[in-house]
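Note sheet for the following structure.
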2 protein chains.
Amino acid sequence: MPTALEKARQTPDSVKTRILSAARKLFGEYGFHGVTTRMIAKEVGIDISTLHYHWGDKQNLYESVLTDLSDEIHHKLVEIETLVQGKPLAVRLDVAIEVMCDYLLENPDSANLLLFSHFSKNRITSEVEAHITRHLTNIAVAMGLAVDKDHVAPQAHARVLAVWNAVINFAAGENFFRPLLKIDTQSYAAVVKETLKFILIPAFTLAKGGTEEWPSTSMPSAKNSAP
Amino acid sequence: MPTALEKARQTPDSVKTRILSAARKLFGEYGFHGVTTRMIAKEVGIDISTLHYHWGDKQNLYESVLTDLSDEIHHKLVEIETLVQGKPLAVRLDVAIEVMCDYLLENPDSANLLLFSHFSKNRITSEVEAHITRHLTNIAVAMGLAVDKDHVAPQAHARVLAVWNAVINFAAGENFFRPLLKIDTQSYAAVVKETLKFILIPAFTLAKGGTEEWPSTSMPSAKNSAP
DNA sequence: AAATGATTCAATCAAATGATGGACAAACTA
DNA sequence: TAGTTTGTCCATCATTTGATTGAATCATTT
């Protein structure tokens with residue numbers, strides 16, 4: 001029995017799918033509260049009641065958008081992992097930055113949506129949260145920052161987050177940053193990639209503070225530190 | 001003739017100031033569209049009409065919040081610059097990370113608000129935008145990434161942005177990231193600082209790709225590149 | 001063709017929301 | 001004290017917004 005989401009993906013031009021796309025675009029641009037169901041319906045060219053017929057209430061539609069995006073991210077990460085399997089860390093980072101930048105710069109709404117889901121207090125869909133967490137854990141292991149999925153130190157997770165955020169930010173913030181840099185879209189992509197590599201690669205390759213500096217137990221001793 | 005904002009700051013406990021604080025908190029948590037004037041009024045314990053009496057419409061209040069925050073950031077940056085004047089870059093970065101993390105982790109709403117102002121499509125208040133731009137330019141010069149305020153290469157701005165975003169993200173995302181890292185607030189601050197230093201300091205100090213790699217003209221040749 | 005189920009829209013509702021006007025009181029001024 | 005300004009709230013309005021209902025249309029099956 002396919003889920004509603006899978007069914008929608010099977011027929012890429014169905015009304016239901018078009019609603020999902022329009023919703024992703026608009027939610028990505030304006031956030032959950034900044035979008036009305038009427039805006040989405042108008043974007044698709046349908047009536048509000050048709051939207052509710054397919055996706056239930058606004059909250060449910062939003063969650064579906066996030067789940068859909070999470071799946072897409074997952075596929076992208078798998079694709080990257082396939083590309084860089086067995087390569088040294090510097091190469092892994094280089095390729096990952098290239099691919100993720102290309103993807104997110106072409107889908108700025110997705111990047112924005114990821115940001116919103118990270119930072120908005122409206123965080124719903126603990127299911128999606130769990131997915132993101134799993135992605136980050138996988139990346140930590142893949143980068144050699146942890147020996148095991150079940151033993152990722154907070155510092156390792158934090159370092160992955162730093163990489164993750166850096167990439168997403170430049171994609172999501174293009175509308176704000178690019179006018180500031182006074183360059184066109186193509187140059188922006190180039191500058192972003194160069195900057196990310198400049199920032200990220202030295203830290204992880206010049207391993208002064210590399211993988212084995214802190215214990216790989218998942219709970220560090222700092223838990224109850226109150227001076 | 002003091003502006004309305006300055007006048008409000010002179011009397012820290014006035015109703016007008018309390019409205020501004022509550023507004024910053026709520027806008028930081030839920031974004032512009034996620035907050036109603038009634039929510040703010042209720043938080044302060046006043047009537048909506050009193051709010052409108054002091055700050056005009058919602059949009060104007062929001063802009064005032066952003067302007068106020070921008071001023072605060074400015075003071076913080078000046079404070080940092082005073083602290084690190086003449087020090088080598090590694091120390092400058094270390095201190096800047098420490099101070100900004102302490103400040104933003106104690107004011108997560110401010111960090112969130114900064115994020116919203118960067119990434120939300122609702123970007124109003126070009127005045128505030130200009131302030132942020134000036135801050136970034138100043139930092140670029142202060143970090144030795146440009147010789148002159150008027151000749152900051154896009155790459156230099158981009159590197160500053162990378163630093164800027166990295167710091168803000170960890171502060172704004174605490175509610176999302178900290179449960180993921182499974183540590184308490186204190187440990188979070190420590191881990192974030194360590195991670196930021198781990199990521200940022202090597203890139204800028206091991207100057208393989210340092211300041212003078214690209215020309216310091218503000219307009220690179222890549223402007224009209226269409227292969 | 002008739003029956004059935006799926007899809008769409010016009011009309012509408014109730015609640016929420018931004019904003020205003022006017023009454024009223026406190027503080028200040030002449 | 002009388003008058004003026006400032007600040008606060010109650011009541012209210014016009015829109016917007018999320019959501020539903022019921023009728024009509026389309027597609028599929030029998």
Side-chain angles (χ1 to χ4, degrees), chain A residues 1-27 29-66 120-122 124-125, chain B residues 1-27 29-66 120-122 124-125:
Chain A
M1 185 221 296
T3 68
L5 211 63
E6 292 165 347
K7 191 180 164 193
R9 202 176 290 114
Q10 286 169 4
T11 54
D13 264 357
S14 72
V15 171
K16 189 163 184 176
T17 313
R18 278 162 50 217
I19 296 174
L20 199 67
S21 299
R24 183 197 284 204
K25 177 187 165 192
L26 288 171
F27 282 137
E29 290 183 63
Y30 303 103
F32 180 78
H33 293 288
V35 176
T36 68
T37 53
R38 281 169 174 81
M39 286 168 68
I40 301 171
K42 189 176 180 182
E43 174 90 10
V44 182
I46 58 170
D47 191 89
I48 336 166
S49 39
T50 302
L51 184 150
H52 283 105
Y53 170 79
H54 285 292
W55 290 107
D57 63 14
K58 185 185 173 185
Q59 182 85 11
N60 187 70
L61 173 58
Y62 185 70
E63 291 177 18
S64 301
V65 167
L66 286 189
S120 162
K121 197 152 192 176
N122 207 27
I124 29 204
T125 333
Chain B
M1 187 220 298
T3 69
L5 211 64
E6 293 164 345
K7 190 179 165 194
R9 200 176 291 115
Q10 287 170 3
T11 54
D13 265 356
S14 70
V15 171
K16 189 162 184 176
T17 313
R18 278 161 51 216
I19 297 174
L20 199 66
S21 299
R24 182 197 286 204
K25 176 187 167 191
L26 289 170
F27 282 136
E29 288 182 67
Y30 303 103
F32 180 78
H33 293 288
V35 175
T36 69
T37 53
R38 280 170 175 81
M39 286 168 69
I40 302 171
K42 189 177 180 181
E43 173 90 11
V44 182
I46 57 171
D47 190 89
I48 337 164
S49 39
T50 302
L51 185 150
H52 282 106
Y53 170 79
H54 284 292
W55 290 106
D57 64 14
K58 186 185 174 187
Q59 181 85 12
N60 187 70
L61 173 58
Y62 186 70
E63 293 176 17
S64 301
V65 167
L66 286 189
S120 162
K121 199 154 191 175
N122 207 25
I124 30 204
T125 329

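Chain letters run A, B, ... following the sequence lines, proteins first and then strands; every chain starts at 1. No hydrogens, no waters, no symmetry mates; every other heavy atom, side chains included, goes into these values.
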Between CD on residue Gln59(B) and OG on residue Ser64(B), distance to nearest 0.5 Å: 10.0 Å
Look at the side chain of Tyr53(B) and decide which nucleotide, out of dG7(D), dT7(C), dG18(C), has an atom nearest to it. dG7(D)
Rounded interatomic separation in angstrom, taking CH2 from Trp55(B) and P from dT6(D): 17 Å
Paired to dT30(D) by Watson-Crick or G-U wobble criteria (both distances under 3.5 Å) is dA1(C)
Of the listed dT8(D), dG18(C), dC9(D), the closest approach to the Ile46(B) side chain comes from dC9(D)
In whole angstroms, the gap separating C1' of dT17(D) from CD1 of Ile40(A) amounts to 12 Å
Quickly work out the Arg38(A) CZ to dT20(D) C1' distance and round it to whole Å. 12 Å
Between C1' of dT21(D) and CD1 of Ile48(A), the distance in whole Å: 13 Å
Please check if the side chain of Trp55(B) supplies one atom and the backbone of Asn60(B) the other of a donor-acceptor pair under 3.5 Å. no
Rounded to whole Å, NE2 of His33(B) lies from C1' of dT17(C) at a distance of 13 Å
What is the separation between atom CG on Leu51(B) and atom C1' on dC10(D), rounded to the nearest whole Å? 16 Å
Between P of dG22(D) and CG of Asp47(A), the distance in whole Å: 16 Å
Could you tell me whether the side chain of Lys58(A) and the main chain of His33(A) form a donor-acceptor pair under 3.5 Å? no
Under 4.0 Å between a side-chain N or O of Thr37(A) and OP1 or OP2 of dT17(D)? no
Are any of Ser49(B)'s side-chain N or O atoms less than 4.0 Å away from OP1 or OP2 of dC9(D)? no
How is Val35(A) classified with respect to the nucleic acid when contacts are heavy atoms under 4.0 Å: base, sugar-phosphate, or nothing? sugar-phosphate
Both Lys58(B) and Gly45(A) contact DNA chain C. Which one's nearest nucleotide lies toward the 5' end? Gly45(A)
Does dT8(C) have OP1 or OP2 under 4.0 Å away from a side-chain N or O of His54(A)? yes
Under the 3.5 angstrom rule, does the side chain of Thr17(A) hit a backbone N or O of Asp13(A) as a donor-acceptor pair? no
To the side chain of Asp57(B), which of dG18(D), dA19(D), dA19(C) is closest? dA19(C)
Measure from the side-chain heavy atoms of His52(A) and tell me the nearest of dA6(C), dT6(D), dA19(D). dA19(D)
Specify the separation, in whole Å, of atom CZ of Arg18(B) and atom P of dG7(D). 14 Å
